[in-house]
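Below is one structure, written out as structure tokens, with a few remarks after it.
Proteins get letters first, then strands, A, B, ... in listed order; numbering begins at 1 in each.
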Amino acid sequence: MSRWAAQLCWSILGTYVAIAVGVWCGLWGQNYDLAGGPKWGGISSDYWLGTNLIGQDIFARSLTSVATALQTGLMVGGLATMAGALAGACAGYWRGRWPDRILLWLMGVIDAIPFVLLAAAIAYALGAQFIAVALAMILTLWVPVARLVRAETQKLRTMPYVESAQIIGVSPVLIILRHILPNTWHLLMAQGLLVMVAALKAEVVLSFLGIGSQASVSWGVMIAESTQEVASGRFNNFLAASIPLFGLVFVLGSLADFFQSRRAGDSRASGPMQA
Amino acid sequence: MRDYLLKQSLNAVALMIGVTLLSFSLLVYFGPDQTYSLLGKNPTPEQIASVHQQLGYDQNFAERYLDFLKRMLVLDLGYAQSSGEAVSSLLARTSMISLALLLPGFVLGHALALLLSMLSAQYQGRWPDRLISMASMVSMSTSTVVVIIALQWWLSSSGDSGWFPVRGWSTDSVIDYLRHIAMPTLALVLVSVGYHIRIYRAVICEEMGQDYVRTARAFGAGPVVVLFRHVLPNCLLPIITRVVFSVPLLLVSGSLLLESYFGIPGIGKVSFDAITNGDQPVLLAIVTFSGVALVLVQNLADALYRWVDPRLRVQT
Amino acid sequence: MSDSILEVRDLTVTLRHRGASGRRLLDAIDFSVAAGEFVGLSGPSGSGKSTLALALLGLIDDGKQASVSGSIELNGGQLLGQPAAQRDGRCIAGIFQDPVAALNPVRTVGSQLREVAQRHLPRGSRQSQVQSALSSLQLPDALLQRYPFQLSGGQCQRIAICMAMVISPAVLIADEPTSALDTLSQQAVMQALDVLRQQGSAIVLISHDRRLIGRWCDRSMVMDAGRLTVNQAVSEGELPGGPKYRKPAASDGNSPVLRCHGVVARHRANGSSKGNRGSAALAGITFELSAGETLAVVGPSGCGKSTLARVLVGLHPASGGRIQWGGALERPSRRQRARMAQLVFQNPALSLSPTKTVMKLIAEPMLLHTTVSRSQVKDEVAKWLARVGLSTELFDRYPHQLSGGQQQRIAIARAICLEPRVLIADEPVAALDDDTRQAALRLLAQIQVQHRMALILISHDLSSVTKVSDRVLVMDAGRVVELGETAGVLAAPSHPLTQALLAADCG
């Protein structure tokens, strides 16, 4: 990925963030809940993208969804990546001993349960709230992060600089925090972004299943609403949700690729000719 | 060998205990009280007490969990709350439908991805690679729900040829079967091929940078020999992992959206209905079922690893 | 030269990588190689030796990463512009540094040999050619059914040479074929190359080891910064003179700083996939080390010398025997052990955490062990930097911004700033260039004298450590086979292994 493409991605992401900040500050997208317009109204100066079945402003709803998406993504991405990094580093550092065994067993159990069913079960136990959805996502998405960090830690564990820290007398916890995790940061950035992607896509599926926050609006909720409308030729709701969703996911995925390729072609590696 | 089998079975038992413990606690122990949905309005205290006893609410967690495990062991999965059908027969019937629905798309998706990622790796950094990587990124970024809705709209609006039905299922004849799986298969390939390509391409590219590839080239091996005789045999391990481990998850999560949108009565549709209705016995059975599937798949993968990689097979 | 088969004229490789576009990796290289000639090519790392090898082999992707110009003529035919796969493989073949990784791990050695024969030989002669190549290198037929991971590095490298022998190329490029091997395997590989040469192939040996070239080659070429600077015949007189040995340090009659008695250690059970799990890596090692003494530990790879170092610093558990520090201490805590023994690793680039600055790297052990306050730490770091001959300008550099020699000095500073009683160096200079190597060894010797540390120098190569050592300990298969004062051992080696190591050394 070239430098300007990465910059383009960053600026698009910046636009999304700006929209979300506007929503959080109350500048726009506040009336997403207000059913003041006509049923399935067309595009007009009041309703830039028309209205939905019960007369809500689709444009306002899509703006608010940007904030919902970033909230979900940042929270799930941040927490799942942090948990995965810590768990993976511990499992990798103590490979074959009890912390590794317990963590591997836990990861196996979570992998064995399909995500939607786990989410449904958690929503079932906690009631359908935002926290249930976020918890379900974090509970499943830390696993792939942890597996990757575990493999990477196993590699780093035998690196002379980690052994050198051991010889100098640095405690295992400090070795993990100072010498192992900082050297996986490209991996963690890429994984964090991919977790956000997974969270955004999972949210659509969960909304379709009716598991999810009923209090707010999200692209998933809008797409679920639009399922019946599309067949009868009404695309406003569907497009107003799926296009910005695609854009955000695409940008996040591209940036994850960018971090991963930076890692492979590290400046530390030897010259380009020494393959 | 005996140690190996013992270790595998211990792992399997530990995994199944974890899966059942988690699903039991979430769905039964902390799940909503079933009493009122069974009794209807205004039950008498005696009725409530008898239902409580029947459901085991008067026992402690360990007793109830062990009781649940006992029933699972003898395949007594209970009855679906909505239809009253025995859950075991429900699962047996619907999983075959899901298999028939998903198998073609599954094979096609992996084959297509392998082909494209080989092409991509061969032309690393040039336009075929860029094109394929871009397409893969688009595929990964598109939500399955969006793809299905768009496909269904395209079906219903592009004339009434009726060739590819928007909903329904039939396996009366081969033609019928193919007509019904065409669109779901297309949707499955579209959304899965991107992820597969991303992984396969990375694996193949990494192998292409290894020392033994340089040796082969220094002794005059052409690109075809390098790819098929040197690189691919070394890629089999991660490819097998990817293929095999996507089976159990696909069976439930993958088919859920396809089957509920296309109205196909497979295991995904059953899961969808169970989730939306809160059908406890069915949910429990499906979770346990996918745990068993994962255990089987892990052992299958392990056997395959030994077969393809001499380092795991041959003693020094 | 009239009988030259390979003529390289004005060969230039220019980078097209962004950021470094236009940099010349090879700058107008001119040379020729005669049929059956053994040519050595040396030079500091980064001088373009390996790039030259790839260019000759046609493995540089012209146009994508770099552009290649000039001319490479073999027997009058132009090779430039023909990628490796379009050439007749019998013209130029190549073997490389890491021999185990250079063979396909999931295919047997035999299938890889047969593949090469299939591509380049007519059907009838394949089998016999493979057989005769194996027998002329004295490799048993049983190796054909083995996988590369079942063989030693030396065996793998000889299989690669065997592969070349099957097709008998006009020229074989050998890029550092022995630098990953111990002295004895090195000997076997060089002999194999010589057999290939006697069968008519010219050989271009690329090595950073000028002694190796002096011993085996007819002609020596030296590269620097992409240019060929020396191109001359090797004369007999050029061989390095006889080594001078150091007098043993005067014993001060102190009690030893380290006393090992029957130390036993096993291979890691969960370590490599090799079959030697649980077998003994050290089978009863006994020796003493007194303050200020330098002990050379020498032996072939796999003899347990690195395991010994790892056991001493606590990276590997000892399963038996006694290790006494400073006379009495037997079970040091993590912190106590750190002040007893420190280890300097072979590869300096990998022994420094890549995300830490020089300042943080050297401050870390001091902050952990001493009462130096954060405000004083900067002066302390400067002091230790000065002792290893570096300036404070490097404070905020990251390891990848330093040269190999600087990295090794930082690693040494990090190890000695705790003033350990024993400093262990595991092949400390094997990864460095000839010149940096001497400087690093001098530095270690100097520091040892200043701080009265005992020094253990570990190497597979007798000559590189005996110049500075007081005593030599020779190891084989986890045991001490010879231990004595350096001059005595070198003058009258008693064990066959020591004799073989000495013989390999003198050529």
If you count every heavy atom of other residues, nucleotides or ligands that lies below 6.0 Å from C:Arg334 atom CZ, does the total exceed 12? yes

Atom CZ of residue position C:Arg339 - does it have more than 12 heavy atoms of other residues, nucleotides or ligands inside 6.0 Å? yes

Proximity breakdown for [X] and chain A, heavy-atom pairs closer than 4.5 Å:
X: C:Leu350; answer: both
X: C:Arg414; answer: both
X: C:Leu352; answer: backbone
X: C:Lys356; answer: side chain
X: C:Ala341; answer: backbone

To the nearest 0.5 Å, how far apart are CD in C:Glu364 and NE2 in A:His179? 3.5 Å

Chain A: which of [options] shares the most heavy-atom pairs with it under 4.5 Å?
options: C:Leu315, C:Leu368, C:Val344, C:Leu343; answer: C:Leu315
options: C:Arg337, C:Arg335, C:His369; answer: C:His369
options: C:Pro365, C:Ala411, C:Ser353, C:Ala338; answer: C:Ser353

Report, one line per pair, each donor and acceptor closer than 3.5 Å where one atom sits in a side chain of residues 165-174 of chain A; sequence neighbours left out.
residue, atom, partner, partner atom, Å
A:Gln166, OE1, A:Arg157, NH1, 3.4

Considering all heavy atoms, the nearest C:Phe345-A:Ser164 contact: CE1-CB, 3.8 Å

Identify each donor-acceptor pair in which a side-chain atom of residues 70-87 of chain A lies under 3.5 Å from a protein atom, sequence neighbours left out, and give them as a table.
residue, atom, partner, partner atom, Å
A:Gln71, OE1, A:Trp24, NE1, 3.2
A:Thr72, OG1, A:Thr68, O, 2.6
A:Thr81, OG1, A:Gly77, O, 2.5

